[in-house]
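Here the structure is laid out as structure tokens; the discussion comes afterwards.
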Protein chains: 2
Amino acid sequence: MNTTRPRKRATILDVARESGVAPSTVSRAFTKPGRVNDVTREHILGVAERLGYAPNPMARALESGHTNTLALLVPDITNPYFAGVIKGAERAVARSGRTLVLGDTQESAAAEEQLVRRLGPAVDGFVLSASRLPDDGLRRAAEVNTLVLLNRAIPGIASVVADYASGTRQIIDHLASHGHQSAVFLAGPPESWSGRMRWDGLRAAATDMNMTVKRIGPYAPTLDSGPAAADAVITSHATAAVCHNDMLAIGVIRRLVERGVRVPQDVSVIGFDNIFGADICTPLLTTLAEHTQDAGARAVDALIHLGQQRSRTVKSWQLPTHLVVRDSTGPSRLR
Amino acid sequence: MNTTRPRKRATILDVARESGVAPSTVSRAFTKPGRVNDVTREHILGVAERLGYAPNPMARALESGHTNTLALLVPDITNPYFAGVIKGAERAVARSGRTLVLGDTQESAAAEEQLVRRLGPAVDGFVLSASRLPDDGLRRAAEVNTLVLLNRAIPGIASVVADYASGTRQIIDHLASHGHQSAVFLAGPPESWSGRMRWDGLRAAATDMNMTVKRIGPYAPTLDSGPAAADAVITSHATAAVCHNDMLAIGVIRRLVERGVRVPQDVSVIGFDNIFGADICTPLLTTLAEHTQDAGARAVDALIHLGQQRSRTVKSWQLPTHLVVRDSTGPSRLR
DNA sequence: CAAATTATGGCAAACGATAGCCATGTGATG
DNA sequence: CATCACATGGCTATCGTTTGCCATAATTTG
């Protein structure tokens with residue numbers, strides 16, 4: 001079947017001609033309502049509506065120098081953890097009347113760098129979520145672009161991070177209250193900034209509570225790594241396993257159950273992230289929740305704010321975390 | 001802490017001045033390599049590199065009329081079903097050197113329409129996934145925009161849809177092979193095009209197999225609707241429930257189990273979509289899988305293709321579906 | 001060797017919208 | 001009634017890039 005190709009869009013000139021005013025007046029009717037007579041304005045808006053006119057963002061950008069477009073880069077779009085971040089960012093961006101460009105860096109620093117370079121001139125700034133770029137790569141990117149880091153912190157660049165210090169303390173407290181005296185941490189990728197934070201926090205909190213934690217791994221933060229990680233847990237005789245993230249935790253639980261280890265009676269398992277799946281696996285997963293939507297929104301708001309001030313002050317925000325206790329944790333079998 | 005605001009980007013004029021040629025020559029050095037002397041070109045490219053010059057996509061778009069940007073609109077970004085679509089689309093877009101703009105329509109036709117209108121001038125085309133727009137709204141949108149529909153079909157507009165006819169047949173065959181003689185369909189939102197296709201397919205396939213299906217609902221396609229839907233299943237005394245999607249199915253199973261109904265011994269449950277969660281709930285969910293990544297990619301490729309031809313031929317693609325049999329279905333208790 | 005090509009690069013006009021500046025008309029103020 | 005302020009709208013340069021057209025030089029052709 002055939003249809004015609006989309007007809008040419010109406011421009012500000014069409015609207016101007018049709019309503020018998022100058023283009024500049026049409027422009028003002030849209031952008032500075034007070035600057036033009038109300039009845040003229042109504043008329044123009046009517047004509048514009050009838051012609052299906054919408055201002056061309058490209059042309060606007062060319063003149064004003066900013067594009068009203070923000071980019072969000074995530075390592076892997078399908079990872080449910082980022083779904084919340086994306087949603088929050090999208091909301092915040094839409095609320096401000098801007099447009100969101102989404103980029104998937106495929107967990108690769110090279111891809112991320114290239115994306116930043118290519119998208120750079122087309123957007124007003126970037127939110128880099130769980131960036132894979134090394135510190136100096138980030139600094140270089142920040143020279144030409146406005147950017148906000150999400151769950152990554154380096155001096156001189158704005159960032160929004162989850163409060164892992166508190167979060168890991170909550171985890172340790174929870175385990176301690178159930179009589180656990182030691183735990184293993186199943187580590188994620190070594191490059192992961194949040195992974196480092198989680199481990200550091202865990203260790204500090206454990207020391208305070210007279211608990212011991214041991215780190216094993218690294219494991220890929222996926223369901224598939226569950227078996228290897230679970231087997232290591234069994235070997236360790238630990239009563240509690242804290243996993244780098246929920247995906248890994250769910251994989252671990254599945255394998256433990258397969259091998260006849262009961263969760264939580266024999267081993268308690270905790271994850272990080274509180275992804276969608278944590279609420280539907282069996283047993284329901286105890287996990288440290290970040291407010292990912294808030295984080296995404298906050299990062300975007302910060303970016304917008306940053307773009308508006310002349311000489312900028314770099315800030316950082318820390319977002320609360322809270323432990324969602326479900327069914328995968330319980331009293332230590334040694335108690 | 002203070003940093004300076006990002007420095008101004010180099011323009012084509014800077015490069016031209018610095019390399020002692022006219023701006024047009026610089027432009028050609030980038031866009032039509034054969035049109036300029038090789039040594040001049042090398043020189044220009046060198047200078048450009050040194051200045052960190054990257055062409056401004058906005059200015060380019062203004063002149064050429066196309067933006068190398070495509071938009072993907074989905075009803076709800078956090079819905080895991082769309083994660084695959086987004087990923088596939090993102091890949092395809094990146095592969096073609098273009099940019100993806102992601103929009104969340106919040107399940108609202110009004111929001112969708114507004115988004116199309118606002119984004120329209122800034123993108124070369126749209127992939128509308130599970131569009132909430134009524135048919136004529138869609139036709140109107142197609143007049144000014146190049147667009148491809150995903151899991152929605154109306155004459156005159158290109159589309160990519162899952163093969164629900166085959167899919168529902170697979171479902172019915174599977175149930176029949178387990179001795180089920182009737183089933184209930186827990187319907188989703190009445191506006192849902194795919195919901196209609198699913199129901200139509202189910203009914204046709206059931207007739208062929210001498211089975212009966214009854215539709216109940218509508219229910220919101222979410223976990224939260226599970227209880228209401230599950231209770232209706234119990235009341236119906238059905239031996240099998242086919243749910244509008246996996247979210248609903250998981251919610252239904254949870255409620256059934258709570259009420260002492262065993263799955264699949266007492267009732268078999270089937271979903272649609274094969275979302276991430278289908279593989280981690282208990283029992284693992286039998287569900288009809290669509291190849292969402294392929295679908296996203298295919299839609300994007302179709303869109304790109306569509307944008308390139310002069311007088312266009314509107315095509316439609318049908319993508320295969322396959323039943324993933326897991327643990328939530330089994331023999332009918334009545335057999 | 002004249003004529004015709006071809007290669008190469010410059011000039012200037014778009015593309016669509018914005019904003020600074022100016023011109024006109026209106027009503028208020030003294 | 002002169003002066004002034006303000007409201008309103010037009011004119012025009014501008015943003016960064018592409019592209020059609022022209023000029024010049026170099027090369028080929030007969």
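Letters A, B, ... mirror the listed sequences (proteins, then strands); counts begin at 1.
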Judged by atom type as modelled, is there a donor-acceptor pair below 3.5 Å linking the side chain of Arg117(B) to the main-chain atoms of Tyr53(A)?
yes

Can you tell me the distance, in whole Å, between the CG atom of Asn68(A) and the C1' atom of dA17(C)?
13 Å

When you measure from the side chain of Asn145(B) to the backbone of Gly125(B), do you find a donor-acceptor pair of N or O atoms at a distance under 3.5 Å?
no

Using only atom types and a distance under 3.5 Å, with no angle test, would you say the side chain of Glu90(A) pairs donor to acceptor with the backbone of Asp104(B)?
yes

Charged N to carboxylate O below 4.0 Å: is that the case for Arg91(A) and Asp301(A)?
no

Nearest whole angstrom, please: distance from the P of dT14(D) to the CG of Leu62(A).
14 Å

May I have the distance from Arg41(B) (atom CZ) to dG9(C) (atom C1'), rounded to whole angstrom?
15 Å

Between Gly20(B) and Thr31(A), just flag the one whose closest nucleotide in DNA chain C comes earlier from the 5' side.
Gly20(B)

Examine dT18(D): is either OP1 or OP2 under 4.0 Å from a nitrogen or oxygen in the side chain of Lys32(B)? Give yes or no.
no

Does Asn37(B) make a side-chain N or O approach to OP1 or OP2 of dT8(C) shorter than 4.0 Å?
yes

dT18(C), dG9(C), dG16(D): which one has an atom nearest the side-chain heavy atoms of Thr40(B)?
dG9(C)

Scan Phe30(A) against the nucleic acid and name what it touches under 4.0 Å (heavy atoms): base, sugar-phosphate only, or nothing.
nothing

Check the distance between dT8(D)'s P and His43(A)'s NE2 and give it to me in whole angstrom.
17 Å

So if I take every side-chain heavy atom of Ala22(A) and compare against dT18(D), dT19(D), dG10(D), which nucleotide ends up nearest?
dG10(D)

Euclidean distance, atom CZ of residue Arg17(A) to atom P of dG10(D) [Å, nearest integer]
14 Å

For Ser19(B) and Ile44(B), which heavy atoms make the closest approach, and how far apart are they?
OG-CG1, 4.1 Å

Measure CE/Met58(A) against P/dG16(C) and give the value in whole Å, please.
13 Å

Spacing between Ile44(B) atom CD1 and dT17(D) atom P, to the nearest angstrom
13 Å

Can you identify which nucleotide, out of dA19(C), dC15(C), dA17(C), has its nearest atom closest to the Arg60(A) side chain?
dA17(C)

Salt bridge Asp136(A)-Arg139(A), side-chain N to carboxylate O under 4.0 Å:
no

When all nucleic acid strands are considered with a 4.0 Å heavy-atom cut-off, which category describes Thr11(A): base, sugar-phosphate, or nothing?
sugar-phosphate

Between P of dG10(D) and CZ of Arg35(A), the distance in whole Å:
11 Å

Using a heavy-atom cut-off of 4.0 Å across all strands, would you classify Val21(A) as base, sugar-phosphate, or nothing?
sugar-phosphate

Side-chain N or O of Thr25(A) closer than 4.0 Å to phosphate OP1/OP2 of dG10(D)
yes

Where the side chain of Arg28(B) is defined as all heavy atoms beyond and including C-beta, which of dG10(D), dC21(D), dT17(D) is the nearest nucleotide?
dC21(D)

Whether Ser27(A) contacts dT18(C) is assessed here as follows: a side-chain N or O lying under 4.0 Å from the phosphate OP1 or OP2. Is that the case?
yes

Start at the 5' end of DNA chain C and walk down; is the nucleotide closest to Ala59(B) or to Pro23(B) reached first?
Pro23(B)

What's the closest nucleotide to the Ile12(A) side chain, out of dC11(C), dC22(C), dT18(C)?
dT18(C)

